[in-house]
Visitor: 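Here you go, one structure.
The model shown is predicted, which means the values in this text are computed figures rather than measured ones. In the text below, chain A, chain B and the rest are named by the order of the sequence lines, each starting its count at 1.
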Amino acid sequence: MRRVLDIKLLREKPDFVRERLKARGAGEETLVDRILQADEQRRKLLAELETLKAQRNRVSKEIGALMGQKKIEEAEAKKKETRELGDRISELDQKVAAVDADRDSAMLQVPNLPHESVAIGASSADNPVIRTFGEKKSFNFKAKTHVELCEHLKLIDFARAAKLSGSGFLLYTNWGARLERALTQFLLDLHTLEHNYTEVSPPFMVGPHCLEGVGQFPKFKDQYYGVAEGDKADELGKLYLIPTAETPVANIHREEILKESQLPIYYCAYTPCFRGEAGAAGVGTRGMIRVHQFDKVELIKIVKPEDGYAEHEKMVANAERVLQLLDLHYHVVMLCTGDMGFASAKTFDIEVWAPGQGSYLEVSSVSNCEDFQARRMNLRYKTETGENRFPHILNGSGTALARLFVALIETHQQEDGSILIPEPLRPYLKTDRITA
RNA sequence: GGAGAGAUGGCUGAGUGGUUUAAAGCGCACGCCUGGAAAGCGUGAAUAGGUCAAAAGCCUAUCGGGGGUUCGAAUCCCCCUCUCUCCGCCA
């Protein structure tokens, strides 16, 4: 049994649910009627079915008692009487299962409701800028793009990466590889030592239930890489490469009932992220902006509902801290209702300025999914009073690496083509400058 | 990959077709007892769904998951998943 949105909310406030879904602008509000209809039919059938089952249980018990008393004939008579009950029951059972399946599949397609504080809008053009740090870097020389810098400093070998895996993959070389590793280490240390996250290192492949749990299935199935052991085609669908560490990490406690005292839980994790990005602009062109595999340090929180939005703000601040320490100009935007992800109730994106691109790059997306994911994965916690509740689950990039790499080298490039390393990163890279 | 054993409540663990309403123990909560505690005694305690304005109550389902046999399944049959032991392979 999956509860995605609370079925009770749908029953009691269908107009509210429709209105909130409509704000997303994708037409999911039409699912509400289908769900309510199936739900009503289900309950009607259940009432009948359960009455019959109760009757059967009663008679079966009587038969048992008669058998015990060796009253075989009376028992046989009752058996005959009950036999056709079984047929009615299995018939109704099948009907209920069908209605259940219909209701659940419709409910799985319903996205989360936007929080009331989210700006109404249709697309990314309507996302309000919340705050800004630093300013666009100006150069008194002709600034290079990250592709030029990577080639000049031999940080990335684009051509050989394509030889290995096709377009959209990166081969980091020498200082490029070391910079990537230094950044990863820097991010993990920052979040574990200063922001109190517990580091975990999860599997990079997960079963479909994990994707469903965080709301990445069933909607975006074509974005993922399915893997098979050997060439066995029938293995496909058993495991998927993770598109983000959110997928395994948010599912760590699925189907558990946590103690209230265990909350809040803070996890951070480094993983590579694999994305099909079918048809997305940018894949197939050279560069690091949109690739099939990139590194990321992810932040996950499991918190009490009343703390959800305060924790959300803190998580954004944790991600912003990365860019502040690396002295990179960025702004924070709030995703409007029409631009939010499927599972999210409220999302802030952090976009970092990349001078060579002349544009902002999304390096972090911080979402409060409220109890949407917890319902899908049946994760609850027990309050002091013994009540089981769904926690809020939050996720945020802290941050995505390939694009951070781009912003860093484009921002801190020098006239001679070298990269000046920001002070906090030097202990990790063990140099203050990357030169050709 | 091969062979074998297993999966029962918070935990240990009994239960191989019918008053099992899942024994017993441990642990937990509350109460009695006590100067206070321990011991002892007693009580309570799973999850979901349905019914109800709501609660109580009642009903249904759940003994790893799914299906089957039966009037009736923790128990019998089939499939799957996972765990353990041994062997093989392997960083």
Visitor: Taking OP1 and OP2 of rG72(B), is either one under 4.0 Å from a side-chain nitrogen or oxygen of R56(A)?
Guide: yes
Visitor: Taking NZ from K8(A) and P from rA54(B), how many angstroms apart are they, rounded to a whole number?
Guide: 10 Å
Visitor: Any side-chain donor-acceptor pair under 3.5 Å between Q357(A) and E410(A)?
Guide: yes
Visitor: Mind calculating the distance between NZ (K61(A)) and C1' (rU60(B)) to the nearest angstrom?
Guide: 13 Å
Visitor: Looking only at side-chain N and O atoms, does Q216(A) offer a donor or acceptor that is under 3.5 Å from a partner on Y240(A)?
Guide: no
Visitor: With rounding to whole Å, what would you report as the distance between rC32(B) and rA48(B) at their P atoms?
Guide: 32 Å
Visitor: Please classify the nucleic acid contact of K53(A) as base, sugar-phosphate, or nothing, using heavy-atom distances under 4.0 Å.
Guide: sugar-phosphate
Visitor: Under a 3.5 Å cut-off for both distances, is rA37(B) Watson-Crick or wobble paired, and to whom?
Guide: none
Visitor: Does T82(A) reach a base, just sugar-phosphate, or nothing at all? Heavy atoms under 4.0 Å.
Guide: sugar-phosphate
Visitor: Go ahead and name the base partner of rU69(B); Watson-Crick or wobble counts if both distances stay under 3.5 Å, otherwise write none.
Guide: none
Visitor: Is a salt bridge present between K79(A) and E76(A), judged by a nitrogen-to-oxygen distance below 4.0 Å?
Guide: yes
Visitor: Go through the side-chain N and O atoms of Q373(A) and E246(A) and say whether any donor and acceptor fall under 3.5 Å apart.
Guide: yes
Visitor: Please measure how far the P atom in rU75(B) lies from the corresponding atom in rU62(B), and state the result in whole Å.
Guide: 10 Å
Visitor: Atom CD1 of I89(A) and atom C1' of rG72(B): how far apart are they, to the nearest Å?
Guide: 11 Å
Visitor: Considering only atom C1', compute the distance from rG72(B) to rU20(B) and round it to an integer number of Å.
Guide: 13 Å
Visitor: How many whole angstroms separate atom CD1 of I63(A) from atom C1' of rA73(B)?
Guide: 14 Å
Visitor: Taking atom P in both rA73(B) and rC58(B), compute the distance separating them and give it to the nearest angstrom.
Guide: 23 Å
Visitor: Ignoring backbone atoms, establish whether R83(A) has a side-chain N or O less than 4.0 Å from OP1 or OP2 of rC71(B).
Guide: yes
Visitor: Separation of I72(A) atom CD1 from rG18(B) atom P, in whole Å?
Guide: 14 Å
Visitor: In whole angstrom, give the distance that lies between atom NZ of K78(A) and atom P of rG18(B).
Guide: 20 Å
Visitor: Which residue, K79(A) or G64(A), contacts RNA chain B at a nucleotide closer to its 5' end, judged by nearest heavy atom?
Guide: G64(A)
Visitor: If we take the C1' atom in both rU21(B) and rA46(B), what is their distance in whole Å?
Guide: 15 Å
Visitor: Both distances under 3.5 Å, Watson-Crick or G-U wobble: report the partner of rU81(B), or none.
Guide: rA7(B)
Visitor: Using a cut-off of less than 4.0 Å, is there contact between a side-chain N or O of N57(A) and OP1 or OP2 of rG72(B)?
Guide: no
Visitor: Show the atom names and distances, to 0.1 Å, of all donor-acceptor pairs under 3.5 Å that link a side chain in residues 57-65 of chain A to residues at least two apart or in another chain.
Guide:
residue	atom	partner	partner atom	Å
S60(A)	OG	R56(A)	O	3.0
E62(A)	OE1	K78(A)	NZ	3.2

Visitor: Could you give the distance separating rA45(B) and rG10(B) at their C1' atoms, to the nearest angstrom?
Guide: 11 Å
Visitor: Any side-chain N or O of R380(A) less than 4.0 Å from the OP1 or OP2 oxygen of rA48(B)?
Guide: yes
Visitor: Using a cut-off of 4.0 Å on non-hydrogen atoms, how would the nucleic acid contact of R88(A) be classed: base, sugar-phosphate, or nothing?
Guide: nothing
Visitor: Which part of the nucleic acid, if any, lies within contact of A65(A), taking any heavy atom under 4.0 Å across all strands shown: a base, the sugar-phosphate backbone alone, or nothing?
Guide: nothing
Visitor: Would you classify L46(A) as touching base, sugar-phosphate or nothing, given that sugar-phosphate means primed atoms plus P, OP1 and OP2, and contacts are heavy atoms under 4.0 Å?
Guide: sugar-phosphate
Visitor: Who is the Watson-Crick or G-U wobble partner of rC28(B), with both distances under 3.5 Å?
Guide: rG44(B)
Visitor: Please determine, for rG57(B), whether a Watson-Crick or G-U wobble partner exists with both distances under 3.5 Å, and give it or none.
Guide: rU51(B)
Visitor: Could you please name the partner base of rU20(B), counting Watson-Crick and G-U wobble pairs only when both distances are under 3.5 Å?
Guide: none
Visitor: Would you classify K382(A) as touching base, sugar-phosphate or nothing, given that sugar-phosphate means primed atoms plus P, OP1 and OP2, and contacts are heavy atoms under 4.0 Å?
Guide: sugar-phosphate
Visitor: In whole Å, what is the span from the CZ atom of R389(A) to the P atom of rA48(B)?
Guide: 14 Å
Visitor: Using atom P in both nucleotides, what's the gap between rG88(B) and rC78(B) to the nearest angstrom?
Guide: 30 Å
Visitor: Relative to the 5' end of RNA chain B, which residue comes earlier, N388(A) or K238(A), by the nucleotide with the nearest heavy atom?
Guide: N388(A)
Visitor: Please tell me whether H312(A) and F348(A) form a close aromatic pair, meaning their ring centres lie under 6.0 Å apart.
Guide: yes
Visitor: If pairing requires Watson-Crick or G-U wobble contacts with both distances under 3.5 Å, which nucleotide is the partner of rC86(B)?
Guide: rG2(B)
Visitor: Could you tell me how far apart K259(A) (NZ) and rA45(B) (P) are, to the nearest whole angstrom?
Guide: 20 Å
Visitor: Less than 4.0 Å between a side-chain N and a carboxylate O, is that true for D15(A) and R20(A)?
Guide: no
Visitor: Do H195(A) and K314(A) touch side chain to side chain, with heavy atoms closer than 4.5 Å?
Guide: no
Visitor: In whole angstrom, give me the gap between the C1' atoms of rU69(B) and rA7(B).
Guide: 23 Å
